[in-house]
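Per chain, numbering begins at 1; letters A, B, ... match sequence-line order.
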Protein chains: 2
Amino acid sequence: MAAANVKDVAALARVSIGTVSNVLNRPEIVSPETAERVMQAIEKLGFVRNDAARQLKAGRSNAIGLVLLDGANPFFTEMATAAEDGAARAGFSVIVGNSNEKKDRESGYLNLFEEQRVRGILISPVGNVAPRLRRIRDHGIPVVLVDRTSPDSSFSSVSVDDVTGGAVAVTHLIDSGRRRIAFVGGAMSIRQVSDRLQGARIAVGMRADVSLEVITTAALVVSEGREAGRAIARRPASERPDAIFAANDLVAIGLLQGLLMEGRIAIPDQIAVIGYDDIPFADASVVALSSIRQPTRLIGETAVEILLEEADDPTLEPRHVVYQPELVIRDSSGGPAA
Amino acid sequence: MAAANVKDVAALARVSIGTVSNVLNRPEIVSPETAERVMQAIEKLGFVRNDAARQLKAGRSNAIGLVLLDGANPFFTEMATAAEDGAARAGFSVIVGNSNEKKDRESGYLNLFEEQRVRGILISPVGNVAPRLRRIRDHGIPVVLVDRTSPDSSFSSVSVDDVTGGAVAVTHLIDSGRRRIAFVGGAMSIRQVSDRLQGARIAVGMRADVSLEVITTAALVVSEGREAGRAIARRPASERPDAIFAANDLVAIGLLQGLLMEGRIAIPDQIAVIGYDDIPFADASVVALSSIRQPTRLIGETAVEILLEEADDPTLEPRHVVYQPELVIRDSSGGPAA
DNA sequence: GGGGTGCATTGAAACGCTTCAGGAAGAAGC
DNA sequence: GCTTCTTCCTGAAGCGTTTCAATGCACCCC
């Protein structure tokens with residue numbers, strides 16, 4: 001019942017415990033016959049190496065800690081999966097923590113990761129954890145920011161250029177003939193939201209004949225988008241925008257609902273809609289949603305790569321990788337305004 | 001740079017290492033002054049307890065292992081979150097592994113969990129891992145099956161009655177006046193799919209005036225549903241079903257797309273549609289989707305509860321909790337057939 | 001046959017923590 | 001003044017692994 005240990009295996013195979021360890025870790029230096037005997041003993045006893053002892057000896061673990069902002073958002077879960085795959089390729093595992101935008105949960109996971117002596121930490125921070133992260137790094141644990149750049153550039157980061165993304169989205173709307181554009185999203189305190197809006201402003205700023213209205217929502221969820229859509233549908237046709245840029249796909253999907261079902265507004269004929277993130281469901285909404293795609297998997301993989309390099313060589317200068325988003329045109333923004 | 005350990009703390013606070021440990025684990029038995037001195041030393045050195053050493057001594061970890069079938073399915077991620085919350089309440093953390101229906105990944109996570117000496121394992125198995133799981137349990141690690149019952153009942157399990165779920169869905173369609181019903185889903189080798197179909201058959205079986213057509217898809221994804229929807233829309237009106245029961249919400253969403261966009265078929269007037277799982281996006285599709293809701297969070301929480309009880313007392317008899325699904329009526333199945 | 005060379009194996013130390021038997025010192029009881 | 005309690009603290013053992021210097025041992029070369 002009690003788990004077997006190396007000592008038991010050694011006794012059964014009539015070798016020293018050192019040899020058992022060698023069979024497990026450096027099989028090439030032990031003679032085939034001995035190795036065979038040891039393997040049989042392991043098999044017979046159902047021996048499973050105790051990772052805690054191994055880590056204690058090694059002084060560090062083979063895990064990477066990852067703190068996510070929102071576990072319910074397909075964008076983050078996909079990124080996490082990519083990080084896991086990348087880590088697995090290098091022989092590491094990933095411990096995923098979901099902060100859910102709560103500072104105390106974030107802090108709890110950082111504690112956990114420190115106690116586990118993880119090899120490094122990937123994080124999309126919610127609170128102002130920079131000082132904490134600095135201390136962690138001073139203890140020899142590298143930290144890479146994901147989907148957010150470091151204010152003082154002292155941490156490596158992997159992010160996407162949301163300003164450009166916003167500009168691309170709105171430029172696309174303008175190019176397809178739209179002139180009265182609305183931005184729907186919030187809260188503005190979320191950096192991604194303000195960046196995307198800023199991009200929209202830049203795109204519009206170059207054109208005197210284009211207007212940009214900003215409609216603020218409380219959160220980036222479907223229900224908020226639906227409300228905004230209803231409100232817009234209720235307006236007289238002349239006061240409606242002819243295109244809407246939503247701060248993310250959830251809001252955009254809500255908008256479609258509100259506009260189509262409540263207002264019988266034709267999409268994209270009367271109003272074009274574009275979202276952001278290109279989540280799998282974008283393509284599955286009734287009017288297939290145009291969106292701005294982020295290289296989600298690439299973000300996760302790159303972050304792991306950088307992290308592991310820094311773990312190998314702590315003297316490395318911090319790096320900042322910024323990916324460019326990509327326009328995905330689907331039905332919701334096709335064709336010109338009526 | 002090198003992380004401080006209890007010895008360093010003890011030296012700085014001029015106490016023995018035993019006292020440092022006591023301050024951390026049983027502060028009530030040490031005098032307030034000494035405790036204070038130790039706390040300051042900890043603070044000053046930035047001491048963080050080494051979890052590996054702690055676990056090694058304890059002989060087991062404070063983590064629970066969870067192996068998920070599909071990390072991209074909102075149903076599973078929500079269940080995982082619930083399990084995490086439940087475990088956290090009891091002072092445990094959860095290590096989540098996503099098998100993605102791959103046997104080798106599943107096996108890899110089981111290895112990892114064994115080496116970590118997790119307190120218990122929650123799993124929705126993909127392969128035939130019963131023998132393996134039995135060995136694990138013989139080593140003192142309890143196992144609870146999630147969303148799947150154990151063939152031989154030797155493991156505790158928490159699941160949902162998919163047969164009843166299927167019956168409820170189809171009964172609802174019949175009750176609202178539908179007579180030509182189609183079931184869309186696959187592959188049939190997935191137990192959930194065959195159970196739901198079986199439930200549909202039971203519901204229909206009681207009525208001579210109701211027909212049930214089975215349309216098989218290759219997988220439970222949106223694109224498959226969309227194809228099926230198109231095919232149905234292309235049929236002459238007289239040969240179309242007047243209601244469709246989709247094996248899950250992703251397929252149902254695809255069906256809506258195919259029927260509405262390709263065929264201009266009115267939902268629910270011409271064809272009613274109902275899905276399964278009640279994922280968050282069901283409510284967000286253009287025609288709000290009726291669905292069968294599973295007590296997702298409850299499943300995760302119950303599984304953790306049972307697991308921890310078995311970890312405390314390994315002699316407990318296996319238990320089998322089966323929850324009942326719930327009908328959620330939204331727009332896609334409202335009103336009578338035309 | 002003595003000394004060198006390699007290979008396979010051994011045994012013990014070390015990783016950082018918790019626990020526990022025991023000791024020091026003071027208070028209380030007779 | 002002696003024992004008996006309490007309270008607080010110490011010191012060492014031990015968890016299961018890895019690692020490394022040391023030891024055999026066989027073989028080869030001169």
Does a nitrogen or oxygen in the side chain of B/Thr19 sit under 4.0 Å from OP1 or OP2 of D/dC8? no
Pairwise 5' ranking along DNA chain C for B/Gly18 and B/Ala52, keeping only the more 5' one: B/Ala52
A/Glu115 and B/Arg54: CA distance, side-chain angles, deciding distance, salt bridge (Lys or Arg N to Asp or Glu O under 4.0 Å) verdict: CA-CA 10 Å; A/Glu115 292 190 359; B/Arg54 178 173 230 226; 5.5 Å; no
C/dT18, C/dT10, C/dT9: which one has an atom nearest the side-chain heavy atoms of A/Val15? C/dT10
Is a donor on one side and an acceptor on the other found under 3.5 Å between the side chain of A/Arg148 and the backbone of A/Ser159? no
Does OP1 or OP2 of C/dT18 have a side-chain N or O of B/Asn25 closer than 4.0 Å? yes
Inspect the surroundings of CZ in A/Arg60 and state if more than 12 heavy atoms from other residues, nucleotides or ligands are less than 6.0 Å away. no
Side chain of A/Lys57: nearest nucleotide among C/dT19, D/dT17, C/dC17? D/dT17
Minimum-distance nucleotide to B/Thr34 side chain [options: D/dC8, D/dT10, C/dC17]: D/dC8
Of the options C/dA8, D/dG16, C/dT10, whose atoms approach the side-chain atoms of A/Asn50 most closely? D/dG16
Nearest heavy atom decides the nucleotide; on that basis, is B/Ala58 or B/Ser16 closer to the 5' end of DNA chain D? B/Ser16
Does C/dT19 have its OP1 or OP2 closer than 4.0 Å to a side-chain nitrogen or oxygen of B/Arg26? yes
Return no unless some side-chain N or O of A/Asn5 is found under 4.0 Å from OP1 or OP2 of D/dG16. yes
Can you check whether A/Ser21 has a side-chain N or O nearer than 4.0 Å to OP1 or OP2 of D/dT19? no
By nearest-heavy-atom nucleotide on DNA chain D, the more 5' of B/Ile17 and B/Glu28 is B/Glu28
